[in-house]
*Asks:* 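What follows is a structure written as structure tokens; I'll ask about it next.
Remember, it's a predicted structure, so these values are computed and weren't measured experimentally. First the proteins, then the strands, lettered A, B, ... as listed; each starts at 1.
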Amino acid sequence: MPYVPHTDEDVRIMLDTIGVASIDALFDEIPAEIRAKPLLEIPSGRTEMDVTRLVGERAAADGNVINFLGAGAYEHHIPAAVWDIISRGEFMTAYTPYQAEASQGTLQVIYEFQSLMAHLTAMDVSNASLYDGGSALAEAALMAVRANRKSQSGRVLVLENVNPFYCDAARNIVGNQHIEIVKVPFDATTGNVDQAALDAYAGQDFAALVVAMPSFFGTLEDVHALTDWAHANRMLMVAVVNPTALAVLTPPGEWGQKGADIVVGEGQPLGVPLSSGGPYVGFICCRNEIVRQLPGRIIGRTVDLEGKRGFTLTLQAREQHIRRSKATSNICTNQGLAMAAATIYLSLLGAEGLARVAQACHANTRKLIASLSEIPGVSVAHQSAFFHEAVLRLPKNAAEVVAALAEQRIAGGLALGEFFPDHENALLVCATEMRNDADIARYQAALRQILA
Amino acid sequence: MLIFERGQAGRRAVAQAPSTTDDLHDIPAALQRKQKPLLPEVGEMQVVRHYTNLSRKNFSIDTHFYPLGSCTMKYNPRGAHRAAMQAGFLGRHPLAHESISQGFLACLYELQEVLKGVTGMKGVSLTPMAGAQGEFAGVAMIRAYHEARKDHERKEILIPSAAHGTNPATAVMCGYKVREIPVNDEGDVDVDALRDAVGPQTAGLMMTNPSTCGVFERSVREIAEIVHAAGGLLYYDGANLNAILGKVRPGDMGFDVMHMNLHKTFATPHGGGGPGAGPVGVGERLLPYLPIPMVGKDEIEGKPRYRWLTEADIPQTIGRLSTFMGNAGVLLRAHYYASVLGREGLLRVGEFSTLNANYLMKKVQDAGFQLAYPKRRATHEFIITLNKQAKELHVSAMDFAKRILDYGYHAPTTYFPLLIPECWLIEPTETESRDELDGFVKAMVQIQAEAENNPELVRGAPYSQPVRRLDDVRAARELDLVWRPTAEQ
Amino acid sequence: MSEIPSELRFMASHEWIRVENDGTAYVGISDHAQSALGDLVYVELPEVGDTITAGDEAGVVESVKAASDIYAPLTGEVVAINEALNDNPELVNSDPYGDGWIYRIRMADPEELEDLLSAEEYAEQIEEEADDQAED
């Protein structure tokens, strides 16, 4: 059979050593009445060649699509070196670094990742990564409830312009612990928070305020004022950020008077392909004072018994394998491979390269919305500053437009009607540095024809 | 050396970023970053060399025998990696329209069907991103089921004392209290204690079978009957599914809900701690609560047409647990693996992993090591205890583990399960050859001789690795989690 | 053999209690407990002003590979905590009955002291535990 090296001779020797007549005899402790029948509903095995061909045809069928979709996952250039290195078996086929001495490669990469994320967000510490942005927001909400000892309500305020997929995932994950996510509506003309609606919550007991920069719509909130508002109301400030944007936008550690307390986001833009939504890499950073409330793995630098520098898992007493029912989270894994990709990507790009990527994305999105707004009936929805993503108002149902664009192999954006009332004609679009003028012209022509 | 320390001001990988810069005049100055983030300033070849050299400081399946119990470190087929890394899959946006996603959706649908087949479950959702999230989904469904029946008194989850720590942590995340059930001297759940523990407060029981003791739970049918009679549901932790693939199905044992660790049983890479994937399977009663999105199949003019199933199709779903749909790339690798193995190959996974474990157990026992459950068959793994060595020679299970690294083998899982003192949990997997297993036993015998004749040598191990034994106490007391330039010198 | 000062009272879960003349009491963990846990890396303290009930969890002691709850032996209000443990958790290892004290409580009900173990009773208990271990 595939991937089993035993010869018939091996099997005979092994059975003789054990002292049984057949492999089947090794299962004699399983009650006979529950033993499985042949798995006839599962197809027979095939060779690598056959399966590669089948799957290759399917991949090709999904390929050659030109992408103007963002909404939390962004198509950026990924240096060839990133996945060449990640695909080395020594990274790809290692396990969680339980034996630190035999895992210094993985451990150092994580320490570097933690350092990179802390510097990018201007926060004190980072963990070794979480599953993705949505589940990271859930962990941030749980962490805020644990860390904010002044709050007893178990409630968290979230601006409604935070990615609705994140909000859904977070609500579903924290709801069973009687933690409530309360949404603060946005102003339809700006796409930013409805300040009067937010002020109505002033003085109430919430563990945290969650604000995204950029928002799901691409708009930029006054994060300084919102951070100070949260702190004035005894809430922790949780920032949801796009890491590419942080090359050029104010990092959460510098928001307002005191900075954000917890920062989460999706690390996918840092060298991780779109790949249908995963594996991605969530990140979470915080201030030193609340580091013991961080969920997931954390790597520390230490020395060996000869005084040589080395890296090891630390603060493990927070984790499920020691604390069991009292752990900060049930999480066991980080997103090792995607985390390593982000580390190598950031090393290759550096501060200057990442800023250029951010600037190019933003410039392309400006071009895109200018170009599409030339079409009669198409206009920009929000009168606000934005970064690398924006909402267009169309003269027609956006979901139908997206379907029509797909027939021309254009992923034209996300129709927002499904997520927000009265947004049937709203389309969220984005153009990263991967798009050029010809791509934008092709989109304009296709949209013009569909709307005609 | 850290990547930061290899930098020079002004150096960068020029080919990797756009060549022109654009202004950000339309973004308010107060929202623009004033000081550049402290990222490395290095050239492309420096980066490649740095990380290639770091990779060489790792043990991995591709380089070493890695018998880490409960982790199923078997060969990860390269073909699966290549299949998932094709441009059409990598470039597919998670929100791309269904009409341009049929290839991807077909793979996922087929994987759902295979997983239903090998587990005997009625429905499968692929979306949980790791075993722990699969556990969460499973227990959340148990809760949704009881709540839908207005059965609000069920506040307790029962868990055998030898269970993985994730089980109790998950139960608490789902708002439950945990009650532990003792395990007897032969590794089976104490059925009388279970009978005393169940009642109208029982929401369910979480169980791994083969258990974390490395033995098959013989009373599983009786346990299922007791829990079901009390109105509770049974959760199957799929951590050890590899042992029984094709031989016995959780659905036939009486379980209502389970997760699978695809990074164990379906050979997807562990990546130094992730990504995993933890699909959940359910029986009839929990079908309405499966997490979304799932993949459905319609026939249109005789041709299959795949589509996402959402809240509109599954109104009582526990909902979305990830931003998009979980670790799609891992699912594609598992789909490839299942396709190559097929029904015959999947059956032999259970058979040969069990053969290898029982062979290794016999060899280790013949070499004089103490088994934790000498009267039992091994499943795909087994436990030895080095308690005697610890007491008489003052050489601990950890010392043995560090020393075996010097012999070129990754150590088995140490100190788990907690109820066996000084233990090793050893899982060879089906992809290792007989000579590899023999070599491992030989190394153990040599370390035993060292422990008897020169215990200091073993206590000081390892010697062959990039670092000697690390100071974990200092790491925790003097937290250094982030490199900063001032921290140097 | 670990040290067990005769003037102290104990809980079965290894906390010690030293009663002062002013109606307050110091709480810490025993020499036996610190030695079983190994090098401590962190102590989670209650907050001054917290009201706790006998039997509640009032803090956590952590070593590298273990974490153990500190239970409240008595009901009352926390009047002081040992802030030195924030930077030097190893004080619990080096001086468990002195500089390694954890918090001080104002007793609401001194009769609860009757429920605690005497030094002799505690010594017997840990001896029994050691015997159980030896049989494994």
Side-chain angles (χ1 to χ4, degrees), chain A residues 1 5 10 14 39 41-42 44-45 48 51 55 58-59 61-63 69 79 88-90 92-96 101-102 104-106 115 118-119 131 134 165 168 172 176 273 276-279 300-302 304 310 314 320-321 324-325 327 330 333 335-337 348 351 353 356 359-360 363 406, chain B residues 12-13 16-18 22 36-39 54-55 57-62 79 83 86 88-90 93-94 97 103 117 129-130 132 165 168-170 174-175 178 252 269-275 319-320 323-324 327-328 339 342-343 345 348 359 433-434 465-468 470 475 480 482-483:
Chain A
M1 74 167 271
D10 284 329
M14 294 170 82
L39 306 170
E41 61 271 46
I42 296 173
S44 278
E48 174 162 318
V51 177
V55 175
R58 288 180 177 173
D62 291 356
L69 243 176
R88 286 181 67 91
E90 297 93 327
M92 202 167 67
T93 72
Y95 198 65
T96 302
E101 299 85 354
Q104 285 297 300
T106 291
S115 302
H119 295 316
Y131 303 133
F165 297 117
D168 262 12
N172 296 333
N176 285 329
S276 292
R301 183 157 63 161
T302 184
D304 73 2
T314 193
Q320 49 76 27
H321 62 284
R324 300 178 74 86
S325 62
N330 74 345
T333 51
Q335 296 281 101
L337 280 187
L348 280 167
R356 285 173 180 241
Q359 289 162 353
Chain B
R12 67 190 188 91
Q16 299 306 341
D22 285 277
K36 281 188 176 179
L38 195 60
L39 305 186
L54 279 187
S55 79
K57 295 184 176 183
N58 269 4
F59 274 37
S60 66
I61 305 173
D62 279 6
Q86 298 182 81
F89 287 146
L90 291 186
H93 193 286
H97 199 265
M129 291 178 284
T170 299
C174 292
V178 172
D252 299 333
H270 286 76
R320 168 189 301 281
T323 313
F324 297 110
N327 285 335
S339 303
R343 60 170 172 261
R348 286 184 199 136
Y359 174 75
S433 65
R434 181 169 63 92
Q465 299 304 305
V467 289
R468 299 283 304 278
L470 291 159
D480 174 356
V482 169
W483 173 85

*Asks:* Between B:F324 and A:F165, what is the ring plane arrangement, given parallel below 30°, perpendicular above 60°, and tilted in between?
*Replies:* tilted

*Asks:* What residue in B:P275, B:G345, B:P37, B:A17 has the most heavy-atom pairs under 4.5 Å with chain A?
*Replies:* B:P275

*Asks:* Between B:H270 and A:G336, is there a donor-acceptor pair closer than 3.5 Å when you use the side chain of the first and the backbone of the second?
*Replies:* no

*Asks:* Of the listed residues (A:A61, A:A360, A:P5, A:P273), which shares the most heavy-atom pairs with chain B below a 4.5 Å separation?
*Replies:* A:P5

*Asks:* Within this structure, what is the CG-NE2 distance for the pair A:L69 and B:H93, rounded to the nearest 0.5 Å?
*Replies:* 4.5 Å

*Asks:* Pick whichever of A:D304, A:V55, A:L337, A:T96 has the most heavy-atom pairs under 4.5 Å with chain B.
*Replies:* A:D304

*Asks:* side-chain contact (heavy atoms from CB on, under 4.5 Å) for A:R88 and B:D62? Distances and angles first, verdict last.
*Replies:* CA-CA 9 Å; A:R88 286 181 67 91; B:D62 279 6; over 6 Å; no

*Asks:* If you round to the nearest 0.5 Å, how far is OG1 of B:T323 from OH of A:Y131?
*Replies:* 13.0 Å

*Asks:* Taking all heavy atoms of B:V482 and all of A:A118, pick out the closest pair and write down the distance.
*Replies:* CG2-CB, 3.7 Å

*Asks:* I'd like to check A:N172 versus B:R320 (side-chain heavy atoms, cut-off strictly below 4.5 Å). Are they in contact?
*Replies:* yes

*Asks:* Flag the one option from B:G342, B:S433, B:G273 with the top tally of heavy-atom pairs under 4.5 Å to chain A.
*Replies:* B:G273

*Asks:* Can you tell me how far the CE atom of B:M129 sits from the CD atom of A:Q335, to the nearest 0.5 Å?
*Replies:* 7.0 Å

*Asks:* Picking from A:G63, A:P279, A:G134, A:G300, which has the most non-hydrogen pairs under 4.5 angstrom with chain B?
*Replies:* A:P279

*Asks:* With a 4.5 Å cut-off on heavy-atom pairs, point out which of B:R343, B:R348, B:Q465 contacts chain A the most.
*Replies:* B:R343

*Asks:* In terms of heavy-atom pairs under 4.5 Å, which option from A:L348, A:D10, A:L39 contacts chain B the most?
*Replies:* A:L348

*Asks:* Set out, in order, the CA-CA distance, both residues' side-chain angles and the distance that settles side-chain contact (heavy atoms from CB on, under 4.5 Å) for A:D62 and B:Q86, then state yes or no.
*Replies:* CA-CA 10 Å; A:D62 291 356; B:Q86 298 182 81; over 6 Å; no

*Asks:* Using a cut-off of under 4.5 Å on heavy-atom pairs, state which of B:L39, B:N58, B:L54 scores highest against chain A.
*Replies:* B:N58

*Asks:* Could you look at A:T314 and say if it's the side chain, the backbone, both or neither that has a heavy atom under 4.5 Å from chain B?
*Replies:* side chain

*Asks:* In the structure I gave you, are the side-chain heavy atoms of B:R434 and A:M14 within less than 4.5 Å of one another anywhere?
*Replies:* yes

*Asks:* Most heavy-atom pairs under 4.5 angstrom with chain A, which of B:G79, B:A328, B:S55?
*Replies:* B:S55

*Asks:* If you count heavy-atom pairs under 4.5 Å with chain B, which of A:G105, A:A363, A:G310 comes out on top?
*Replies:* A:G105

*Asks:* Compare every heavy atom of B:H97 with every heavy atom of A:A406, then report the nearest pair and how far apart it is.
*Replies:* CB-CB, 3.7 Å

*Asks:* With a 4.5 Å cut-off on heavy-atom pairs, point out which of B:S339, B:P466, B:A83, B:A130 contacts chain A the most.
*Replies:* B:S339

*Asks:* What part of A:E41 lies closer than 4.5 angstrom to a heavy atom of chain B: side chain, backbone, both or neither?
*Replies:* side chain

*Asks:* Give the minimum heavy-atom separation between A:A94 and B:F59, together with the two atoms involved.
*Replies:* CB-O, 3.3 Å

*Asks:* Under a 4.0 Å threshold between the charged nitrogen and the carboxylate oxygen, would A:R301 count as salt-bridged to B:D480?
*Replies:* yes

*Asks:* Testing the basics here: between A:E90 and B:S60, what is the closest heavy-atom pair and its distance to 0.1 Å?
*Replies:* CA-OG, 3.6 Å

